[in-house]
Amino acid sequence: MGISPTVPLTDLDEVLATGAVRSVFQPIVALDTGRVVAYEALARGPEGPLERPDALFAAARAAGRLAELDAACRTAALHGAVRQGLRAPLTLFVNVEPEVLDRAPMEDLLAIAQAAPGGLRVVLEITERALATRPAELLRTVERVRAVGWGVAVDDVGAETMSLAFMPLLRPDVVKLDLRLVQERPGPAIAEIMNAVNAHAERTGAVVLAEGIEDAAHLQMARALGATLGQGWLFGRPGPGAVPGAEHGSLTLPCARARADTLTRDADVSPFACLPATVPLRQAPKALLIELSKQLEREALRLGPASVVAATFQEARHFTPATTLRYRDLVERTGFVCALGEDLPAEPLPGLRGADLAPGDPVRGEWDVAVLGPHFAAALLARDLGDDGPDDERRFLYALTYDRDTVVRATSALLARVAPRTGPLPQPPTPASERASGPAAGPLSAGVPAAEALLHRALAATPGGVCIVDVLRPDQPLVYVNPAFERLAGLPRAELLGRNCRFLQGPDTDPAAVAAVRRAVAAGEECRVTMLNHRGPDRVPWWNELHLAPVPGPDGTVAQYIGVQVDVTDRVEAERALARERDRSRGWQATIETLTHADPLTGLPDRVRMAERVEAALWEAHARDDALALLVVDLAGLRAVNDRLGHAAGDEVLVQVAGRLRARLRRGDLLARLGGDEFVVALTGLAPDTAATEARRVAGELAAEIGRPLAVRGEEVRVDARTGAAVWPGDGADFAALLHAADDRRDAARR
């Protein structure tokens with residue numbers, strides 16, 4: 001927000017010179033007891049146009065005096081709390097402006113807190129805007145805050161997924177949920193946020209504070225989300241001091257000073273040095289580390305916006321064009337990505353944070369890739385052994401670790417080196433034509449001939465999504481979208497122009513479809529694909545039938561691509577439902593066929609099915625130059641069991657024998673019941689020279705197994721087995737011939 005031209009800049013000078021900044025205090029309540037345990041200090045200017053904090057901070061930002069105003073606000077907060085008696089056991093929440101994190105006068109604030117009668121317990125609030133803008137300064141500030149025993153809170157968690165990505169690094173004592181979590185209907189996005197917040201709270205003991213509680217329904221939702229603290233108009237609006245008549249209590253937080261000792265955020269410490277001495281180290285060539293790094297990058301893409309990726313590249317020359325393509329995807333689909341190396345700029349590509357490593361920095365000799373999310377932590381940490389020779393064969397000493405504390409320390413060590421972003425995110429220039437007014441004016445229609453204006457209006461009226469991409473500009477941004485594309489993307493044009501279309505994709509988008517698009521664009525050709533895209537901030541999935549066509553420039557080379565998108569979700573889902581139904585029908589059909597040719601007593605295949613399977617096995621044996629043996633197994637003594645105990649007992653004997661045969665055979669061998677007391681076995685994959693010997697050995701083992709006593713209806717019974725074996729190809733060319741030869745050998749042995 002800018003300053004109203006009617007407000008002279010000297011008003012801000014007067015505010016800062018006279019100390020006219022003041023604080024009001026909003027209560028924070030323990031939900032289980034209803035007691036006020038803390039107050040948040042909120043900045044206000046003097047009565048007039050600079051009273052509202054947004055106007056006050058906009059004026060300071062425009063005048064280049066933001067750090068001065070921020071310090072004045074915190075000083076006013078602490079002095080005001082002391083005057084109002086908001087001392088221990090109460091806790092004071094104080095905000096810090098992200099842009100001036102590294103210039104916060106902590107010593108002055110500490111002196112005020114220590115001079116307060118009874119002590120002043122302070123929690124410093126950091127907003128989401130600080131997380132990606134100045135990560136190194138943020139980590140240093142958190143370390144300083146923890147060193148003096150103060151607590152840390154992350155504000156507006158859930159407003160953007162970025163806060164979830166940084167939570168493992170900051171380890172806040174208090175997680176303040178954005179008010180929309182308690183005020184809006186639950187959905188997938190809220191579930192994702194709460195999974196991450198509750199995991200952090202369970203690991204660290206942090207407390208969860210819900211903002212925006214204005215009625216009983218909000219309070220109920222806050223409790224359901226796991227909040228133990230609440231803030232909002234239901235408990236009291238901001239006022240000059242303590243809530244009249246409120247019962248006060250104490251807020252218990254994790255030990256901030258002890259927690260500070262568990263992390264290493266010193267820029268002199270390298271990620272490799274964060275490895276515990278007990279971690280085993282291995283040696284590997286660079287070629288292996290490349291593949292391990294790519295796998296970690298794929299894990300980050302799967303995690304999505306709630307992940308942080310930090311990497312080192314030793315030298316800028318190792319950040320190759322192929323690496324650039326991978327890291328463009330990471331920038332689009334993860335929360336925060338940084339890449340460090342000698343001669344790497346502060347922003348190697350749009351959205352990628354970087355830093356040029358100093359000559360003596362130990363990270364110059366390392367290969368590090370760390371991926372950190374609410375539920376995942378992994379890091380490849382390696383040190384160059386200094387080999388000469390081909391680059392791909394250079395050896396590194398490395399460890400691949402999934403220990404969360406080690407990954408957090410390594411990631412922090414890299415983020416402590418990231419250069420701060422000096423200004424807001426760069427925005428694409430707005431063409432003069434986009435400033436045309438009136439509902440009929442499209443984004444490209446001003447100042448062009450009537451025929452072209454008609455074309456632009458036609459594109460705007462087209463029901464299908466239409467976009468134009470400039471392939472000559474870095475990262476190939478969108479330069480035109482029609483209203484239908486805005487509806488499909490779920491975002492307004494202002495948030496679409498200047499971005500690469502990758503933001504529509506997600507972890508579940510088919511990589512083959514994405515690769516087909518990239519190949520077509522690289523070759524300057526048309527492309528038609530159907531791919532899964534995601535709509536709006538909630539990332540609702542939809543199926544996009546995409547047609548891309550190249551648009552040549554004046555010199556004949558491809559300058560732009562026009563894309564037409566159609567939402568075919570209903571069609572794709574209907575096709576998938578039909579495919580599932582077909583698969584189910586085929587499954588039932590296969591089951592019916594199996595039952596048709598299966599022995600109902602033992603479940604084994606019958607003669608017909610066994611013949612089919614043996615014939616197929618013979619084809620495979622022929623192709624591999626293997627041998628196959630067919631064994632027949634007859635039971636002797638089954639009739640005696642039937643006569644003495646009944647046919648049901650005889651059936652039980654057959655079932656137990658079938659089970660014993662199954663247990664003694666290999667996975668690839670075949671077993672069937674031909675009928676009565678006769679079984680047949682096919683032994684596959686045998687060596688031709690030893691097949692006959694192997695067949696006789698297995699036949700003997702099966703006969704011995706069958707001959708062991710069987711427990712049937714409380715009695716012990718015995719049956720014997722008679723066997724015969726035939727070997728392909730010497731004893732027959734097909735199933736029938738092999739079965740006949742095996743029967744003959746069984747009968748000959750019996751005689």
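- Rounded to the nearest 0.5 Å, atoms CG (Leu253) and OG1 (Thr91) are 6.0 Å apart.
- Every residue meeting the side-chain contact (heavy atoms from CB on, under 4.5 Å) condition with Thr323, not counting sequence neighbours, appears here in chain and number order: Phe313, Phe319, Thr320, Arg326, Tyr327.
- Between the side chains of Glu332 and Asn500, no donor-acceptor pair of N or O atoms lies under 3.5 Å.
- Here Glu125 pairs with Lys176 in a salt bridge; the nearest charged N to carboxylate O distance falls below 4.0 Å.
- Under the side-chain contact (heavy atoms from CB on, under 4.5 Å) criterion, Ser307 pairs with Ala300, Leu303, Thr334, sequence neighbours left out.
- Partners of Asn195 under the side-chain contact (heavy atoms from CB on, under 4.5 Å) rule, at least two apart in sequence or in another chain, are His375.
- For Asp508, the side chain to side chain donor-acceptor pair (under 3.5 Å) partners at least two apart in sequence or on another chain are His534.
- Qualifying side chain to side chain donor-acceptor pair (under 3.5 Å) partners for Asp329, counting only residues two or more places apart in sequence or in other chains: Arg502, Arg518.
- A search for ring-ring contact (aromatic ring centres under 6.0 Å, His included) contacts involving Phe503 returns nothing, not counting sequence neighbours.
- Sequence neighbours left out, not one pair with a member in residues 369-378 passes salt bridge (charged side-chain N to carboxylate O under 4.0 Å, His left out).
- Contacts of Pro345 classified as side-chain contact (heavy atoms from CB on, under 4.5 Å), with partners at least two apart in sequence or in another chain: Pro348.
- Note: Leu90 CG to Leu251 CG = 9.5 Å, rounded to the nearest 0.5 Å.
- For residues 301-321, the set of pairs meeting the salt bridge (charged side-chain N to carboxylate O under 4.0 Å, His left out) definition, not counting sequence neighbours, comprises Glu299-Arg302, Glu315-Arg317.
- Listed by chain and residue number, nothing satisfies the side chain to side chain donor-acceptor pair (under 3.5 Å) test with Arg383 (two or more places apart in sequence, or in another chain).
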Item checked: Candidate pair Asp173 and Val123, rule side-chain contact (heavy atoms from CB on, under 4.5 Å), full reasoning -> CA-CA 8 Å; Asp173 306 281; Val123 170; 6.0 Å; no
What pairs of donor and acceptor atoms, side-chain ones from residues 363-374 against any protein atom, are under 3.5 angstrom apart with sequence neighbours left out?
unit_1	atom_1	unit_2	atom_2	d
Arg364	NE	Leu357	O	3.1
Arg364	NE	Ala358	O	3.1
Arg364	NH1	Glu342	OE1	3.4
Arg364	NH1	Glu342	OE2	3.4
Arg364	NH2	Leu357	O	2.8
Glu366	OE1	Phe272	N	3.1
Glu366	OE2	Ser270	OG	2.5
Trp367	NE1	Ser293	OG	2.9

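- Residues satisfying the ring-ring contact (aromatic ring centres under 6.0 Å, His included) criterion with Phe93, sequence neighbours excluded, are absent altogether.
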